[in-house]
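Convention: sequence-line order gives letters A, B, ...; per-chain numbering from 1. Note that these values count all heavy atoms, side chains included, but never hydrogens, waters or copies made by symmetry.
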Number of protein chains: 2
Amino acid sequence: MSLDDFHLSTFLPYRLAVLSERVSKRLSVEYGRTHGLAVAEWRVLVHLLRCGAVSVRDIHNCVNLEKPRVSRAVTRLEAEGLVQKTPGAHDGRLVAISLTKKGHAALADILPVATRIEESLTHAVSPDDLKTFFDVMEAMHAVLDADPEAKPRTSLDLAQTQE
Amino acid sequence: MSLDDFHLSTFLPYRLAVLSERVSKRLSVEYGRTHGLAVAEWRVLVHLLRCGAVSVRDIHNCVNLEKPRVSRAVTRLEAEGLVQKTPGAHDGRLVAISLTKKGHAALADILPVATRIEESLTHAVSPDDLKTFFDVMEAMHAVLDADPEAKPRTSLDLAQTQE
DNA sequence: TCAATATCATTTCATTTGCAACGATTTTTA
DNA sequence: TAAAAATCGTTGCAAATGAAATGATATTGA
């Protein structure tokens, strides 16, 4: 292929990055405006909703955030009163992080909005095409899973594929 | 929908972010190792290959990078000798940025590797499914185009859709 | 039992990032 | 033509980020 035939705007990694960033930013407008949440905080809250009281390490392993980023997100969320930290019962190193009532209420506020935005995107195409879309994403993940240079998937993202 | 039915791992914005980041990181391994390039520098180089001598503003408008980030990427690339800055001929405010021989050579090195990685991903699915995949991405962009809260697309990414 | 190793959450530090402000130049308008 | 407004690239600054180090606690193995 000649060098000059290369188009950035048709390059898969670039296209993925552009769409992903655009979607994320659109979403941030909502939960930033309503509750002052950043992406990391949003992910932590949602994970807690499903998994109850968990450690920083567990969140890190599940939602694709580096450990320090999780730790800082939890600190901010605790300061806002949306989560609480309890010293580990059996293991003094662990911290059990869980939603407070206020955190639960915040999620009840934001989740419908987030879901509505997601649906505005998914409803723009047919169910068949949407399924193909996710299948393709999964196929690309599978390629990376087999690539020793690629970062491994989190346990939770892997579990997702086995439904 | 009950709150507890919400799965982060099936949430479209999250899935996009995870795949995009994974692909970008895989790519960074290559052009980081071979030429010490970051994503912004990579995008600038590739844009210059297509568009010759252009301004910072033009790059900013084309490759989805904030203006200061472009400016800093260009500074680094110039220090490495991969691009050159020429004072604008007709407009003293403008700077004409273009590839040097060394920059061209670096691209000749990296582009085949980047293309190979891209193909390892796209070849994992049928051409039909891949077309559907990109059609769905475009449909989602179209939704955001109609959303006043969303950030507009760059001119180049828009032009891409009209082929 | 107790020293060596491993694990957990946090913090430190250097770097990156984006917003806003800036000086310099050009264009517009009165 | 002269002043006002707009545009260009860069820089200041505060916040975010990731890698590595740290202190604290658990676990392992001699």
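Nearest-nucleotide positions on DNA chain D for B:Thr75 and B:Glu21 put B:Thr75 closer to the 5' end. Nearest-nucleotide positions on DNA chain C for B:Arg69 and A:Ala96 put A:Ala96 closer to the 5' end.
Here A:Arg72 contributes atom CZ and A:Leu77 contributes atom CG; the two are 14.5 Å apart, rounded to the nearest 0.5 Å. Annotation: the span from A:Ser24 atom OG to A:Leu19 atom CG amounts to 9.0 Å, rounded to 0.5 Å. Note: B:Arg22 CZ to A:Asp145 CG = 4.5 Å, rounded to the nearest 0.5 Å. Here the straight-line distance linking atom CG of B:Leu27 with atom CD1 of B:Ile110 works out to 9.5 Å at 0.5 Å rounding.
In this structure a side-chain-to-backbone donor-acceptor pair under 3.5 Å is missing from A:Glu78 to A:Thr75. Although no hydrogens or angles enter the test, the distance criterion places a donor-acceptor pair under 3.5 Å between the side chain of B:Thr100 and the main chain of B:Gly81.
At whole-Å resolution of the value, CZ in B:Arg76 and P in C:dT15 are 12 Å apart. In this structure, B:Leu94 atom CG and C:dT25 atom C1' are separated by 10 Å, rounded to whole Å. For the pair A:Leu77 CG and C:dT10 P, the interatomic distance rounds to 12 Å; values are reported in whole Å. The NE2 atom of B:His90 sits 16 Å away from the C1' atom of D:dC8 (whole-angstrom rounding).
Taking all atoms of both residues into account, the shortest heavy-atom contact from A:Arg43 to A:Leu65 is NH1-CD2, 3.8 Å. Taking every heavy atom of both residues into account, B:Lys102 and B:Glu80 meet most closely at NZ-O, 2.9 Å.
For the pair A:Ser71 and C:dA9, the criterion of a side-chain N or O lying under 4.0 Å from OP1 or OP2 is not met. Considering only side-chain N and O atoms, B:Lys85 lies under 4.0 angstrom from the phosphate OP1 or OP2 of D:dT10.
Aromatic ring pairs are classed by plane angle as parallel below 30°, tilted from 30° to 60° and perpendicular above 60°; the pair B:Trp42 and A:Phe6 is perpendicular.
A stem is defined here as three or more consecutive Watson-Crick or G-U pairs, each with both distances under 3.5 Å; for DNA chain D these stems are C:1-30 with D:1-30.
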Atom pairs, protein N/O to nucleotides 19-25 of chain D N/O, distance under 3.5 Å:
| from | atom 1 | to | atom 2 | distance (Å) |
| --- | --- | --- | --- | --- |
| D:dT25 | O3' | A:Gly92 | N | 3.4 |

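Atom NZ of A:Lys131 sits in a sparse spot, with 12 or fewer heavy atoms from other residues, nucleotides or ligands closer than 6.0 Å.
Residues B:Asp157 and B:Thr154 bring a donor and an acceptor atom of their side chains to less than 3.5 Å of each other.
Contact check of residues 43-63 of chain B against DNA chain D (heavy atom, cut-off under 4.0 Å) returns B:Ser55, B:Val56, B:Arg57.
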